[in-house]
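All chains are named by letter (A, B, ...) in the order of the sequence lines, taking the proteins before the strands, and each is independently numbered beginning at 1.
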2 protein chains.
Amino acid sequence: MFGTIFMTLSEEDYIKAIYHLGKGDNTTVSTNGVAEQMETKPSSVTDMVKKLSEKGVVNYRPYKGVSLTEHGQKIALSLVRKHRLWEVFLVEKLNFSWDEVHEVAEQLEHIKSEKLIDQLDKHLGFPEVDPHGDPIPSKKGEFKKTIKKLLNEVAIGTSGICVGVKDSSPPFLKFLDKNKIALGDTILILEKEEFDGSFYIQVKDIKIHISNQIASNLYLKITA
Amino acid sequence: MFGTIFMTLSEEDYIKAIYHLGKGDNTTVSTNGVAEQMETKPSSVTDMVKKLSEKGVVNYRPYKGVSLTEHGQKIALSLVRKHRLWEVFLVEKLNFSWDEVHEVAEQLEHIKSEKLIDQLDKHLGFPEVDPHGDPIPSKKGEFKKTIKKLLNEVAIGTSGICVGVKDSSPPFLKFLDKNKIALGDTILILEKEEFDGSFYIQVKDIKIHISNQIASNLYLKITA
DNA sequence: ATTATTATTTAGATACGTCTAAATAATTGT
DNA sequence: ACAATTATTTAGACGTATCTAAATAATAAT
Ligand SMILES: [Mn+2]
Ligand SMILES: [Mn+2]
Ligand SMILES: [Mn+2]
Ligand SMILES: [Mn+2]
């Protein structure tokens, strides 16, 4: 109607943080939560959240937390879309590894140009997931949600395809590279060590032992 | 040595403006000149130029103008490199036309990632000029300078290849598109109308009449 | 039900980038 | 050389984004 209201880079990052903390549905999140996620101070969050409330992108009640309005959700989804498309670009076209893309995508997601992102999408062949297995919202903000379970929550003996990571920090991703675990790999759960919650798994013919922390950050799509 | 000093987006745009006004060599430019180029006020320029001087990227003497230091020139060349590589990307990979790229490149040039720009360069096949015929500095800041002359400065009867535009504003570029004049085209200068300085030229078998203003914004590489 | 603890907001400060209006320096014209 | 004009800087203000320290509200513990 009147073109989207202009958001600054900071405002956009706050909107994204509120979106992610709200887990995609639209849970109310706390000031301290946002502060931690953004690595800022709670007082800064209060200031920003007031401004965002003025702009109509969040619902804010002092002491009660903050959530995105419909408009805010649209902005968040657009940012997530841009972030993930850029990540795909960096990996597919520019030879970045999956642990290097986040920081750069964090900048690229703020570039303003509708044509740019539409053409990028096309250039990449309309990918459905990013390099970490996270779904890419359509232009209209629609998701394709895959049924996936954390490795530590599936029964012994089942096997599945590794389709995503919960933690996508460089240390974790580098660990997976080192242990030759990649998205698309078939993983069979062999045994669970009850003492420490660790797992014995088989990845493409190789048997390895992973801690519970690793297991609770790998998503599988169950196949058998 | 200690990684390049961080420059804000605004600082970078000022450095680029000073660079362009100084015509590549390192002429001292005026406060008002920068203000006009940047579409800001002279007082804002004074403030910024003081800050840039503190940071050691410009030489500034009150009332006497401003020029880039060696360090400043390196930053400027890096920005020009990024700007032009992104322009090539937009045209070659994302189907932008040459009159649409500047605005987006103006944003993209500020993305911080050395790997990104090196890989982009590679992805594009190490192009030597941008969509407007302007040379792309190498990583070390070296130019390939082509010998080119403005159409209105060459003798009648000579012919050359159109290798660049002086003005690269959308209206001018759209005019060229409309008249089927593109980089790479061979142009023959047929006649000059002394009264208004306009020219009759032949572009790929078609004879057209262009004003002096058009002629003085087209670069040719003389072939005969 | 008080008290202690934690979460959140408010008050006041700083840095950045910009502006308008006023002051001052440099340049131009006579 | 002096006056008029133009260029440039300074002073003071504002909006954004952030912080620390202090005040207040909400929650947990006794
Ligand atoms: Mn970001
Ligand atoms: Mn991702
Ligand atoms: Mn720019
Ligand atoms: Mn260009």
- request: Could you list the residues that satisfy ring pair (Phe, Tyr, Trp, His ring centres under 6.0 Å) with B/His71, not counting sequence neighbours?
  value: none
message: The criterion is ring pair (Phe, Tyr, Trp, His ring centres under 6.0 Å); which residues satisfy it with B/Phe89, sequence neighbours excluded?
response: A/Phe89, B/Trp86
Every protein N/O lying under 3.5 Å from an N/O of nucleotides 3-6 of chain D:
none

Calculate the interatomic distance between [X] atom [atom1] and [N] atom [atom2]; express it in whole Å.
X: A/Glu39; N: D/dT18; atom1: CD; atom2: C1'; result: 14 Å
X: B/Leu9; N: C/dT18; atom1: CG; atom2: P; result: 9 Å
X: B/Glu54; N: C/dA15; atom1: CD; atom2: P; result: 13 Å
X: A/Phe6; N: D/dG15; atom1: CZ; atom2: C1'; result: 13 Å

statement: Residue set satisfying side-chain contact (heavy atoms from CB on, under 4.5 Å) with A/Leu150, at least two apart, ordered chain then number -> A/Asn152, A/Glu153, A/Lys166, A/Tyr219
Partners meeting side-chain hydrogen bond (donor to acceptor under 3.5 Å, both in side chains) with A/Asp167 (sequence neighbours left out): A/Ser169
side-chain hydrogen bond (donor to acceptor under 3.5 Å, both in side chains) contacts in which one or both residues fall within residues 90-103 of chain B, not counting sequence neighbours: A/Lys115-B/Glu100, B/His83-B/His102, B/Ser97-B/Asp99, B/Ser97-B/Glu100, B/Trp98-B/Asp177, B/His102-B/Glu106
task: Using the test salt bridge (Lys or Arg N to Asp or Glu O under 4.0 Å), find all partners of B/Lys41 that sit at least two apart in sequence or belong to another chain.
output: none
message: Among residues at least two apart in sequence or on other chains, which ones pass salt bridge (Lys or Arg N to Asp or Glu O under 4.0 Å) with A/Lys145?
response: none
message: Protein within reach of the bases, or only the backbone? For nucleotides 5-11 of chain C, mark each nucleotide 5' to 3' as B, S or -, using heavy atoms under 4.0 Å.
response: --SSBB-
- request: Tell me yes or no: between the side chains of A/His132 and A/Glu87, is some donor less than 3.5 Å from an acceptor?
  value: yes
- request: Report which part of the nucleic acid B/Ser10 touches: base, sugar-phosphate, or nothing (heavy-atom distance under 4.0 Å, all strands).
  value: sugar-phosphate
